[in-house]
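These notes concern the structure reproduced below.
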There are 2 protein chains.
Amino acid sequence: MDSLFASFPPGTNPGCPSYATSSLARSKPNSDTLAPLFRNKILCEPGERIYAQGSPFTCCYLVRSGAFKSLVLNERGDEKIISFHMPGDLTGLDSIHRGHYIGSAVALERSLVYEVMFQGPGNELRLPPEIQDHFIRIMSRELANIEDLLMLTSEHTAEERIIAFLLAFSARQSHQNLSAHQFRLPMSRNDIASFLGLAVETVRRMLTRLHEKNLLKVTGRNVEFIDIEGLRYRLKTA
Amino acid sequence: MDSLFASFPPGTNPGCPSYATSSLARSKPNSDTLAPLFRNKILCEPGERIYAQGSPFTCCYLVRSGAFKSLVLNERGDEKIISFHMPGDLTGLDSIHRGHYIGSAVALERSLVYEVMFQGPGNELRLPPEIQDHFIRIMSRELANIEDLLMLTSEHTAEERIIAFLLAFSARQSHQNLSAHQFRLPMSRNDIASFLGLAVETVRRMLTRLHEKNLLKVTGRNVEFIDIEGLRYRLKTA
DNA sequence: CGTTAAGTTGAGCCTCGTCAACTATGGTGG
DNA sequence: CCACCATAGTTGACGAGGCTCAACTTAACG
């Protein structure tokens, strides 16, 4: 695996998949490539949704600041978190091929997004040539990200999933020039559990376990790594 | 969920996700839209791989006949099946953003593929305007497909996964004007197990269970539905 | 016809989900 | 500023679903 969070723009990191390595820390977000497509700027408060499952598809959204979760309601009515979106990420890519959004995007904190419009009046997609390349690579990367998540949830234990998640988030932090060792998670335990395909209680149990092993410290949503190499090690020797 | 197999081209099926319904049977494959991008035609024997994980990315491949599995080797060295590709599907989309293939594609039976080339000499992507729209929708749809698989594997029991898989395959069959009630699976039990995030033994146990409940008949790779409504019912009332 | 891989079946165990009770947190209105 | 309530988070006990391991049968293929 490579990353659990979308990265932007794609870098080049050949070789075997390596869980939650520095792949997220490749290159700086370069969101301005899409600037010609920007429309409105929207400010979101925590809990607010920029689009709702089933509503007509209008555009994708580029996250400038804050954080989002994108989720799908299943037949039982409870939500499954598909991904988290950080600054530089595009949301709604999975809905382009439909006339409506196949999931919802909800702000986890006060956030700023741009509308990214590329549909003509007849709903046909029109990308300026200089953006085409970039856009397709973004989608390809998104595809690879979900595949990573798929591998993580189908072949790894609860502890490994938590570790991979935290390491990926950490990498994303340093990507934004924030501390990779100490950070505050914008999402709830429930969100993490849903994202990783676990029960909330299991998430907690794994966190306490990692705490007892002196690998990290968690108080509420604040995370502090004690032994980051130890964490990485537990991922490799699965 | 909507489908576990890529569909081509995307249709319009608004509303909540509904597992393995007729969504796969939307519209006929219309692969010729990409015809301007076709290069060589390649014939593959079972077990042959059209590209290998880590090798330099050259192009995507359109399946014309036969079937493929695309897989990723994890750090332990065993393969995880990411998707199955049927006639009309594109493979390698997840590798566009990298200089190399992030997984491998292996023929499950004697198959025919087209090389789909859209990279210029400088590796920049160049899509004819009339194809752009179509191509992006394909990628978006692929994204939605994997999200479906993600939801299936993270929130559903072994039995439900098997049922969803078989129903999706059945839908794909009728999509190709083949019988939806009786068909031969091109992939091994191992492939199915890996794809659904299960052990081979579990796959079998569920098949026998469904057999005992008079819902279907399985002999080797041949599947015959006895009570397709019964199967659908067991998916809804999860 | 022999060899190897694929498929099947059973027994036992372990991880993780479920349920229930409890505590902490944060937001709101009096 | 505090009381209140709702939501989020925590902890423990228990059970079940599915994985592991091992033995065996069947199928595929030269």
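Throughout, a chain's letter reflects where its sequence line sits, starting with A, and its residues are numbered from 1.
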Is any side-chain nitrogen or oxygen of [X] closer than 4.0 Å to OP1 or OP2 of [N]?
X	N	result
B:Arg221	C:dA6	no
A:Arg204	D:dG9	no
A:Ser188	D:dA8	no
A:Thr202	C:dG17	yes

Nearest whole Å is fine: how far is [N] [atom2] from [X] [atom1]?
X	N	atom1	atom2	answer
A:Arg189	C:dC16	CZ	P	18 Å
A:Asp191	D:dT7	CG	C1'	13 Å
B:Leu196	D:dC19	CG	P	11 Å
B:Glu155	C:dC16	CD	C1'	15 Å
A:Ile162	C:dC16	CD1	C1'	12 Å
B:Glu45	D:dC29	CD	P	12 Å
B:His211	C:dT8	NE2	C1'	14 Å
B:Glu159	D:dC19	CD	P	14 Å

> Ion pair present between B:Glu201 and B:Arg204, side-chain N to carboxylate O less than 4.0 angstrom?
Replying inline: no
>> Regarding A:Glu109 and A:Arg184, does a basic nitrogen lie under 4.0 Å from an acidic carboxylate oxygen?
In response: no
>> Applying a 4.0 Å non-hydrogen cut-off, can you work out what B:Arg161 is touching in the nucleic acid: base, sugar-phosphate, or nothing?
In response: nothing
> Across the strands shown, which category fits B:Gly197 at heavy-atom distances under 4.0 angstrom: base, sugar-phosphate, nothing?
Replying inline: sugar-phosphate
> Which atom pair, heavy atoms only, marks the closest approach of B:Ile81 to B:Leu71?
Replying inline: CD1-CB, 4.1 Å
> What are the two closest heavy atoms between B:Glu160 and B:Leu152, and how far apart are they?
Replying inline: O-CD1, 4.3 Å
Shorter than 3.5 Å, N or O on both sides, protein versus nucleotides 10-13 of chain C: list them out with atom names.
residue	atom	partner	partner atom	Å
C:dG10	N7	B:Arg205	NH1	3.2

> Can you find a heavy atom in the side chain of B:Leu166 that is under 4.5 Å from one in the side chain of B:Leu231?
Replying inline: no
> Do B:Glu155 and A:Lys80 come within less than 4.5 Å of each other through their side chains, counting heavy atoms only?
Replying inline: yes
>> Using 30° and 60° as the class boundaries, would you call the ring planes of A:Tyr61 and A:Tyr51 parallel, tilted or perpendicular?
In response: parallel
